[in-house]
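Note that the structure is a prediction, hence the values are computed from the model and not measured. Note on naming: letters A, B, ... go to the chains in the order of the sequence lines (proteins, then strands), and numbering restarts at 1 for each one.
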Number of protein chains: 2
Amino acid sequence: MNVRTLILAILNFCEASGYEIKKMSSEGSFSYFVDISYGSIYPTLARLEAEGMVAGRVESHAGKPDRRIYSITERGRAELVRGLSQPPQKDIFKSEFLLQAINAPLVGPDVMAAALAARIANLEAEIAMLDGIIADCDHPATLWVANYGKRIMTTDLHYLKAHRNDLVAIAGQAAGAPQAAE
Amino acid sequence: MNVRTLILAILNFCEASGYEIKKMSSEGSFSYFVDISYGSIYPTLARLEAEGMVAGRVESHAGKPDRRIYSITERGRAELVRGLSQPPQKDIFKSEFLLQAINAPLVGPDVMAAALAARIANLEAEIAMLDGIIADCDHPATLWVANYGKRIMTTDLHYLKAHRNDLVAIAGQAAGAPQAAE
DNA sequence: TAGGCCATGTAACCGGTTACATGATTAG
DNA sequence: CTAATCATGTAACCGGTTACATGGCCTA
């Protein structure tokens, strides 16, 4: 899942500028599995154009900076299919929250409670975003993914709310006596 | 969640060699959120030792290569607490499967069905691993995380099984007619 | 008039992986 | 005899981020 394929996938939905791609990847319907930086978007876009995978055109709007709008080409779409068709590698899931949770006794109940609260808030925000997609969007595949994501996040949220106190209690177990000495 | 903190976290559970750390991170109870490579483990371990965060000793077993066993020091534990205590950044979730799913019409029903099957198999394997941890382990925080993970993965699995056909159908919608022309 | 948003781009850096080098022991 | 497992380590590479440079327009 390199930036290259990701950008092609986004451009296969709609043409966009580098700036818009950034926004889609950090706020829009792609945000729940990526967040690309400008520093990788613009060079990749330039390279994709040089390879004929995307076509760029400049659009001028009065009172706004010029925008380079890119759209995917036939070659780009073929490349995207190639990229998507090879068996997907395992999902990568990196959770600092889980690392904290596994070390609950070490971080203590206060930090743990704060982390739980942050995660719950985060999940609620993300579910709200998915609700927005589910309401607005009529693209079947996107809807399928949004509903799938919502289902999992909802379960996650319920579980956290039901068991947060257990984890805080575990974190409190060793409070003040920070593990055996060296 | 850099390798540094991760290694300290692992060593806070038990002392281990670089080789064992690798195994824990790619098979053991840490594997469901990381997989570190030797190329980052050994240099990091050396650096941590130079900084006094971990202490290494050489152990010889007849008929086996020498092993450098590392254990965390007080300083290392303090460093770990510091690393864990700052508010965790958002979970990173990168899923090639989801990227395929969102582009289901493009990849076609066969590839989509294969991806679904792979993901289902993967989830089943991971749930089995979690069951192992839940049965064996008596560390409360680890158990909490394992049960949490199991709950989510189980929901995930059920949802996938119940809705896989829908996604394959969506992927079949555009089969043979690969999108509008340029 | 200060700060935020729009908009594009580059250069330096960095965290990490891949691939390689080495070598003994054990299981098939 | 071959392959796998145990075990440590290095060097080259690479994908990506951070921080910087630039500048006009709009809002508070």
For nucleotides 3-12 of chain D, 5' to 3', base contacts (B), sugar-phosphate-only contacts (S) and non-contacts (-) with protein non-hydrogen atoms under 4.0 Å give --SBBBBB--
Whole-Å gap separating [atom2] ([N]) and [atom1] ([X]):
| X | N | atom1 | atom2 | result |
| --- | --- | --- | --- | --- |
| A/Ile7 | C/dT8 | CD1 | C1' | 14 Å |
| A/Met24 | C/dA7 | CE | C1' | 14 Å |
| A/Asn2 | C/dT17 | CG | C1' | 15 Å |
| A/Glu59 | C/dC6 | CD | C1' | 14 Å |
| A/Lys22 | C/dT8 | NZ | P | 14 Å |
| B/Asp35 | C/dT17 | CG | P | 8 Å |
| B/Leu48 | C/dG15 | CG | C1' | 14 Å |
| A/Leu6 | D/dG15 | CG | P | 15 Å |

Margin query: Just to verify, what does A/His163 make a ring pair (Phe, Tyr, Trp, His ring centres under 6.0 Å) with, not counting sequence neighbours?
Written below: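 A/Tyr159.
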Those residues that, when tested against B/Tyr19, pass ring pair (Phe, Tyr, Trp, His ring centres under 6.0 Å) (two or more places apart):
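By the ring pair (Phe, Tyr, Trp, His ring centres under 6.0 Å) rule, B/Tyr19 matches no residue at all.
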TODO: Please tell me if the side chains of A/Glu15 and A/Ile72 come closer than 4.5 Å, counting only heavy atoms from C-beta onward.
DONE: no
Self-check item: Heavy-atom check, side chain of B/Leu45 versus side chain of B/Ile21, under 4.5 Å
Solution: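 Heavy-atom side-chain distance check passes, below 4.5 Å.
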Rounding to the nearest 10°, end axes of the helix from C/dT1-D/dA28 to C/dG28-D/dC1 built from five pairs each make an angle of 40°
- [ ] Give the ring-plane orientation class for A/Tyr148 versus A/Trp144, where under 30° counts as parallel, over 60° as perpendicular and anything between as tilted.
- [x] tilted
In short, side chain to side chain donor-acceptor pair (under 3.5 Å) pairs touching residues 93-111 of chain B with sequence neighbours left out are A/Asp91-B/Ser95
*Would you sort out whether B/Arg67 and B/Glu20 count as a side-chain contact (heavy atoms from CB on, under 4.5 Å), showing the intermediate values?*
CA-CA 10 Å; B/Arg67 309 192 312 149; B/Glu20 286 170 325; 3.0 Å; yes
**Prompt:** Applying the 4.5 Å side-chain criterion to the ILVMFWY set and letting contacts propagate, would B/Phe93 and B/Ile102 be lumped into a single cluster?
**Reply:** yes
Can you give each donor-acceptor pair under 3.5 Å made by side-chain atoms of residues 130-142 of chain A, sequence neighbours left out, with the distance rounded to 0.1 Å?
| from | atom 1 | to | atom 2 | distance (Å) |
| --- | --- | --- | --- | --- |
| A/Asp131 | OD1 | A/Lys150 | NZ | 2.8 |
| A/His139 | ND1 | A/Thr142 | N | 3.2 |
| A/His139 | ND1 | A/Thr142 | OG1 | 2.8 |

